Amino acid sequence: MNVVVIGAQWGDEGKGKMVDYLAREAQIIIRYSGGANAGHTIVIGTEQYALHLIPSGILYPDKIVILGAGMVIDPTALFAELEMLKSRGIDTSGRVFISDRAHLVLPRYIEIDKQRDKARKKPIGTTGRGIGITYAMKAERDGIRIADLDWKEKMDELEEEDRKFLAPYVDALKAMAIDLPSFLASHKNAQILFEGAQGTLLDLDLGTYPYVSSGMSCAAGAAIGGCVGPRALDKVLGVFKAYSTRVGNGPFPSEFDPQSEGELERFVRETGREYGVTTGRPRRCGYLDLVALRYACRTNSIDSLIMTHLDVYDTMEEIKACVAYRIGEKVVEDFPASIEALSMAKPILRSFPGWKKSLKSVRTYRELPAQAREYIEFIERYCETPVSIVSVGYEREETIIRTSPWTK
Ligand code: GDP
Ligand code: IMO
Ligand code: MG
């Protein structure tokens, strides 16, 4: 059985924590999109790991992890990450593979990414990791893939500085390279967990374009970037926070108003530790946006939702969620494509009573206070999608499983 975990908001929903948790029952974990723009956090006891390229199943000694064909890989970042894991006692040898169809990020692309974003009239606020440029080179058919490292003619055509940069990495990259379709064909009985990066609203096609990343962070991207057909994906899980965050620029209809809700914004940012894993930037924070979440459910055929960060609201008297937008004179319940409309959208909020109790030690759904269940069950009805897992803290074990995704 194969399960996909995607971000259902603007990234940083807690995918790393959940993929690590769910990887227990998988044999292979495939990251299928994005690059070192991602930052996936896993906390086990007092140990915290930040992963950017390596799939979040790596902490188990027996799991095979694969960087999929849809990824863009910066060799410097990759080997730094492998080194970090080694220094912390994680043996990665012989179980980290890279699809030979994945593309390489070159230092030149990183420079162009930074310069271009700075020069934009309205910067996107990219992570400066060369992501957009590498995907653009791929679309232009001028990119360099892992498989090309073996293609003398292509390597000879490279600019001198690119060849020089790649030279020290070539052998190590080739040693990890696999033909993913044939690898999966020889692991037919393995349970595969596909790990998304970014989130639906940062997806190149489905997101708030142009304020998006350049990869396919949607569920369909798992098929393309994982070198399987869509029918191989048995279940799609969408991870979302009990509130919303966004890093970088672009419309965010339910964002807390810094004037009237500055206190709430500070509280959520500090309690939820809402600072970027990759860039350290403070994340923009806002109410849970159900219009956007239902859009993510629809566009990814999400089977069930994973709600994280519910504990951040533990001390609140009242909780609010956005159930529609007011755009000019209109009340809108469907997520618009127009950036202009999204930028004008004012959230229509619904209020819920808080539970005023720590959820940290809750491990079953029934033990959750009635107010927390009421909030969750409203979300289920609104999105027409069940919430199968609830996360009540950043640690691996601070997790409530209502239904295991590994049962058909
Ligand atoms: P990802 O990019 O989706 O993997 O998410 P990040 O790791 O960038 O950001 C999520 C942050 O929230 C990390 O600091 C996690 O340790 C933390 N986190 C994950 N789940 C929970 C949760 O249920 N409660 C709290 N308080 N923190 C969480
Ligand atoms: P994870 O996997 C949050 C955002 C950037 C910027 C936009 C484009 O940790 O959820 P890029 O460098 O990709 O061209 O930047 O996308 N962004 C993310 N925001 N989480 C991420 O990944 C992100 N990856 C990119 O902040 O707004
Ligand atoms: Mg992140």
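Quantities reported herein were computed from a predicted structural model and do not represent experimental measurements.
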Flag if over 12 foreign heavy atoms under 6.0 Å of [atom1], [X]:
X	atom1	result
Lys86	NZ	no
Met18	CE	yes
Arg95	CZ	yes
Arg326	CZ	no
Glu263	CD	no
Lys174	NZ	yes

Would you say the side-chain atoms of [X] and [Y] include a donor-acceptor pair closer than 3.5 Å?
X	Y	answer
Glu367	Thr364	yes
Ser244	Asp289	no
Ser56	Lys17	no
Tyr135	Glu140	no
Asp203	Thr200	no
Ser391	His309	no
Tyr275	Glu270	yes
Lys241	Thr245	yes
Ser304	Ser388	yes
Asn37	Ser213	yes
Thr208	Arg246	yes

Answer whether the closest heavy-atom distance between the side chains of [X] and [Y] falls below 4.5 Å.
X	Y	value
Arg396	Leu59	yes
Arg129	Val105	no
Ile302	Ile6	yes
Leu67	Ile73	yes
Phe240	Leu305	yes
Leu201	Leu206	no
Asp148	Ile146	no
Val392	Arg363	yes

Any salt bridge linking [X] with [Y]? Criterion: basic side-chain nitrogen under 4.0 Å from a carboxylate oxygen.
X	Y	answer
Glu380	Arg402	yes
Asp100	Arg145	no
Glu255	Arg284	yes
Arg269	Glu265	yes
Arg88	Glu47	yes
Asp257	Lys346	no

Nearest 0.5 Å, what's the [atom1]-[atom2] distance between [X] and [Y]?
X	Y	atom1	atom2	result
Arg108	Asp113	CZ	CG	13.5 Å
Ile144	Lys138	CD1	NZ	14.0 Å
Ile124	Ser214	CD1	OG	7.0 Å
Ser33	Gln198	OG	CD	6.0 Å
Tyr375	Glu377	OH	CD	13.5 Å
Ile401	Leu22	CD1	CG	6.0 Å

Closest heavy-atom pair and its distance - Glu13, Trp10: OE2-N, 3.6 Å
Is the His187 ring parallel, tilted or perpendicular to the Phe183 ring (thresholds 30°, 60°)?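 Rings of His187 and Phe183: parallel, under 30°.
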For the residue pair Phe79 and Tyr169, does the interplanar ring angle fall in the parallel (under 30°), tilted (30 to 60°) or perpendicular (over 60°) class?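 Geometry flag for Tyr169 against Phe79: parallel rings.
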Run the side-chain contact (heavy atoms from CB on, under 4.5 Å) test on Tyr394 and Arg273 for me, step by step, so that the C-alpha distance in whole Å, both residues' side-chain angles and the decisive distance to 0.1 Å come before the verdict. CA-CA 10 Å; Tyr394 44 76; Arg273 309 197 297 180; 3.4 Å; yes
Under the side-chain contact (heavy atoms from CB on, under 4.5 Å) rule, what do Glu111 and Leu106 come out as? Steps first, then yes or no, please. CA-CA 9 Å; Glu111 280 317 305; Leu106 298 175; over 6 Å; no
Derivation of the side-chain contact (heavy atoms from CB on, under 4.5 Å) call for Arg283 and Arg281: CA-CA 6 Å; Arg283 295 176 181 147; Arg281 289 180 287 182; over 6 Å; no
Cationic tip of Arg294 above Phe335 ring, under 6.0 Å, 45° of axis: no
Donor-acceptor check, side chain of [X] to backbone of [Y], threshold 3.5 angstrom: yes or no?
X	Y	answer
Tyr325	Val331	no
Ser217	Gly199	yes
Thr385	Cys383	yes
Glu195	Gly16	no

Report the C-alpha distance between Lys360 and Glu398 in whole Å, list the side-chain angles of each, state the deciding distance to 0.1 Å, and finish with yes or no for salt bridge (charged side-chain N to carboxylate O under 4.0 Å, His left out). CA-CA 6 Å; Lys360 219 174 159 53; Glu398 290 170 341; 2.9 Å; yes
Please say which of Ile178, Ile30, Leu180 ends up in a side-chain contact (heavy atoms from CB on, under 4.5 Å) with Phe97.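 By the side-chain contact (heavy atoms from CB on, under 4.5 Å) criterion, Phe97 pairs with just one of Ile178, Ile30, Leu180: Ile178.
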With side-chain contact (heavy atoms from CB on, under 4.5 Å) as the test, would you mind laying out the steps for Met316 and Trp355 before giving the verdict? CA-CA 7 Å; Met316 306 264 290; Trp355 43 92; over 6 Å; no
Does Tyr287 have its ring centroid less than 6.0 Å away from the ring centroid of Phe256? yes
For the pair Asp314 and Lys357, evaluate salt bridge (charged side-chain N to carboxylate O under 4.0 Å, His left out) and give the outcome as yes or no after the intermediate values. CA-CA 6 Å; Asp314 278 356; Lys357 188 171 180 260; over 6 Å; no
Trace of the salt bridge (charged side-chain N to carboxylate O under 4.0 Å, His left out) decision for Asp179 with Arg101: CA-CA 8 Å; Asp179 173 10; Arg101 290 177 167 81; 3.4 Å; yes
Start with the C-alpha distance between Arg298 and Asp334, add both sets of side-chain angles, then the distance that settles salt bridge (charged side-chain N to carboxylate O under 4.0 Å, His left out), and finish with yes or no. CA-CA 11 Å; Arg298 289 175 176 169; Asp334 292 313; 2.9 Å; yes
